[in-house]
Amino acid sequence: MKLIASLALWCCLVGQALALNNELASHPSPYLALHGDDPVAWQEWGPEVFAAAQRENKLVYVSVGYFSCHWCHVMQDESYKHPDIANILNRHFIPVKVDRELQPALDEALMAFVQSTQGRGGWPLNVFLTPEGYPLYAVLYVPPESFAEVIGKIHALWREDPQRIAAVARQHGPNGFADRSADLDAAAVLALGKVFEEMTLGLADTFEGGFGNQSRFPHVPQLDYLLHRYGHAPNAQIREVLETTLDAMAQRGLHDHVGSGFFRYTVDPGWSVPHFEKMLYDNAQLAKLYLNAGRVLGRADYSAVGFATLDFMLTAMQGENGAMIASLSAIDTLGREGAYYLFDDDALAQALTPDEERVLRTVWSLPDAAAFDYGHLLVNQAPLELAAVQLGWAPDEIERTLASAMGKLRDLRRDRSLPIDDKVLAGWNALAMEAFITGARQSDEAIYAQTARRIKRYIETVLWDGDQLFRARSDGAALGTVSLSDYALTARAMLAFSRWANTPADAELAHRMVLAAWRDFHRSNGWQRERNPLLKGSELHEVLRDEAMPASDAVLIEVSLELAREMNLPKLAEMARSALNRFWEQLRAEAFFFPSRIRALEVAIAAQTGS
């Protein structure tokens, strides 16, 4: 720690402090409130930050994270609670803490910056900005000694020649796009779908499931579009990719086999080692995907996973207002990553009978030494028939004993405590509403329909004021910055609700949301992710790609086309088609990353040809 202390002393000698206070105490965002006691004088993201930075000629230090992020907590404990590091940040920067779930457009833009400059991304995402608002340099998690060295060097560079450093940052400046529009062509769109299939088959791991060869993420937009294509033209290779991946996600470590629901991703290609946060957007999309996969592929086990995921959301993520909270933390109340989900040998021995423990260990292949610091995770269930042979028991006896053991594990969970992020986010709740509508279509269980109606009621009465949507609200005030994604996903969910419940008024509400989105986020040659972006250099995007959630521009275009067809709105249809008539070369080259756009193109062609 000598380096940190010497840097802090040096900074004190060469700089003048700006009297800032930490503004985050008692913030309605649970993540920001966590940082309310840090010695860092955290500010909230807003124009006042850049006014102060320009007045003081200081760089802005923006740290983006979220409540359930493990490494965000680690960096807080190691660096942001360190008084010497805090002194450097407070004296020579304008430090800003951002909840990525309240500022999704900012998070996406900063993530694009770090990925383009460093070839990787993640959270905590920390970026130095010039007083004008241009990104200069990014750093992800680093230990405190390294972090202190980074911020010391960045400050020294800025102090020595701020004009040159600002000019370097401006090279990431505003992007413009040539007018490359072209007429929609049915043959070209058909070819794009084939290109997507070929690219997806090339990237798919048909042994482990998933795509690529490193960490495993669900890639729901790609799987959803692949399932859509399979439903229209069954293909053995596509089915193999779908089933291999859906099986792996449901049967291995991405899925919580005790309490249901899905973790955000696994760090290994074998789907065995999850990061333990559970996000609403993941579970909502995966519930809908598995329900649709069960129907299209004729797999009752997939439908069962979908319904179990809806039930998990009802149990663990539904708030008193009927809407869904944002996430469950990866860190339990004692500060241990994953411990809520893990069972050590002592806990198993105390909770289970010897027969129950024997069956549990056999069926789940639990090793003698737990794979995680705080115990065993149930990852891969062997067939009960195999366990019966290994133990010399009857299969029905294995089944009864295992069910008893699993029930006791669930009881153990009830005695544990897991922090939650209780923000209610518009776009994520729209995804949940669609999932419960899908569940209501495929089940007679009234709770799914009731939940869809409650979420819809919350959105239209709390998050929509008749002219604009709010990302979230607290005590009647706006919380965070609404994004194009919020509008697109909410409009799509309202249209889905209208079709399911036969309520034309909800289609009209979707139409009003769509018009507001075109008004606030679309420009003649691109899209803004937020209304009035403060970050410079990435204000406009020609198209957006699918990430963990579908591309918001493509979703908005598809919803617009559907509404235009149903409500006879030719101007809206023309606007949507015009926004699709570009980016053809890149789309062909990177089709895997744009399934939502390809699907919107197919909808446009179908409307154009009347098919």
Side-chain angles (χ1 to χ4, degrees), residues 17-38 40-67 72 80 86 89-113 123-136 138 166 169 172 174 326 421 423 425-427 463 465 468-487 520-521 528-540:
L18 176 66
L20 293 175
N21 297 311
N22 188 322
E23 296 182 344
L24 303 184
S26 302
H27 195 281
S29 159
Y31 175 66
L32 296 182
L34 281 175
H35 289 271
D37 294 328
D38 294 354
V40 178
W42 294 117
Q43 307 296 292
E44 284 195 72
W45 177 257
E48 300 81 8
V49 164
F50 293 100
Q54 292 167 19
R55 185 171 61 248
E56 299 290 328
N57 192 31
K58 293 181 177 179
L59 294 173
V60 176
Y61 174 76
V62 178
S63 177
V64 183
Y66 58 103
F67 183 80
C72 299
Y80 299 142
L89 288 172
N90 295 344
R91 184 170 291 270
H92 296 296
F93 301 89
I94 308 297
V96 178
K97 209 22 150 152
V98 171
D99 181 339
R100 68 174 288 249
E101 295 164 3
L102 291 179
Q103 303 290 346
L106 172 65
D107 173 65
E108 290 170 1
L110 292 177
M111 186 60 69
F113 172 76
W123 296 273
L125 170 58
N126 311 295
V127 183
F128 298 88
L129 309 178
T130 68
E132 298 172 281
Y134 288 97
L136 175 63
H172 298 288
D421 186 333
K423 296 192 306 292
L425 303 172
L463 300 180
D465 70 356
Q468 65 175 329
L469 190 68
F470 298 91
R471 179 146 184 87
R473 299 186 78 156
S474 176
D475 299 325
L479 189 60
T481 301
V482 71
S483 69
L484 171 60
S485 180
D486 290 304
Y487 274 87
D520 291 345
F521 301 100
Q528 293 180 178
R529 284 193 173 104
E530 57 182 315
R531 287 195 192 98
N532 300 301
L534 296 173
L535 188 72
K536 304 298 184 184
S538 61
E539 297 93 332
L540 200 63

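As the structure is a prediction and not an experimental result, all values here were calculated from the model.
For the atom pair CG (L136) and CZ (F113), the distance works out to 6.5 Å, reported to the nearest 0.5 Å. The CH2 atom of W45 lies 3.5 Å from the CZ atom of F50; values are rounded to the nearest 0.5 Å. Taking CG of L32 as the start and CG of L102 as the end, the distance is 6.5 Å to the nearest 0.5 Å. L479 CG to E101 CD: the interatomic distance, rounded to the nearest 0.5 Å, is 11.0 Å. Taking CG from L110 and CG from N126, the interatomic distance works out to 10.0 Å, rounded to the nearest 0.5 Å. Of the inter-residue distances, the one linking E56 atom CD with F93 atom CZ reads 14.0 Å to the nearest 0.5 angstrom.
Of all heavy-atom pairs between Y487 and Q468, the closest is OH-CA, 3.3 Å. Residues P135 and L129 approach most closely at CA-CD2, 3.5 Å, considering heavy atoms. A53 and V60 make their closest contact through CB-CG2, 3.6 Å (heavy atoms, listed as atom of the first residue, atom of the second, distance). Between W42 and Y61, the closest heavy-atom pair is CH2-CE2, 4.0 Å. Closest of all the heavy-atom pairs between S29 and D99 is OG-OD2, 2.7 Å. Scanning both residues, W123 and G65, for their nearest heavy atoms gives CD1-CA, 4.4 Å.
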Worked check of salt bridge (charged side-chain N to carboxylate O under 4.0 Å, His left out) between D38 and K97
CA-CA 11 Å; D38 294 354; K97 209 22 150 152; over 6 Å; no
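Side-chain atoms of P131 and I94, non-hydrogen and from C-beta on, never get closer than 4.5 Å to each other. A 4.5 Å side-chain heavy-atom check between V98 and D107 finds every atom pair outside the cut-off. Put simply, the side chain of S485 does not reach to within 4.5 Å of the side chain of R529, judged on heavy atoms. Two residues are said to be in side-chain contact when any heavy atoms from C-beta on lie closer than 4.5 Å; S63 and H35 fail this criterion. Annotation: side chain of M111 is in contact with side chain of L125 (closest heavy-atom distance under 4.5 Å). At least one side-chain heavy atom of V482 sits less than 4.5 Å from a side-chain heavy atom of R531. The shortest side-chain heavy-atom distance between R471 and L425 falls under the 4.5 Å cut-off.
Within the 3.5 Å criterion, the main-chain N or O of S474 finds no donor-acceptor partner in the side chain of K423. One N or O on the side chain of D486 and one on the backbone of G427 form a donor-acceptor pair closer than 3.5 Å. With E23 contributing its side chain and G36 its backbone, the two residues share no donor-acceptor pair below 3.5 Å. When atom types are taken as modelled, the side chain of Y80 and the backbone of V40 share no donor-acceptor pair closer than 3.5 angstrom.
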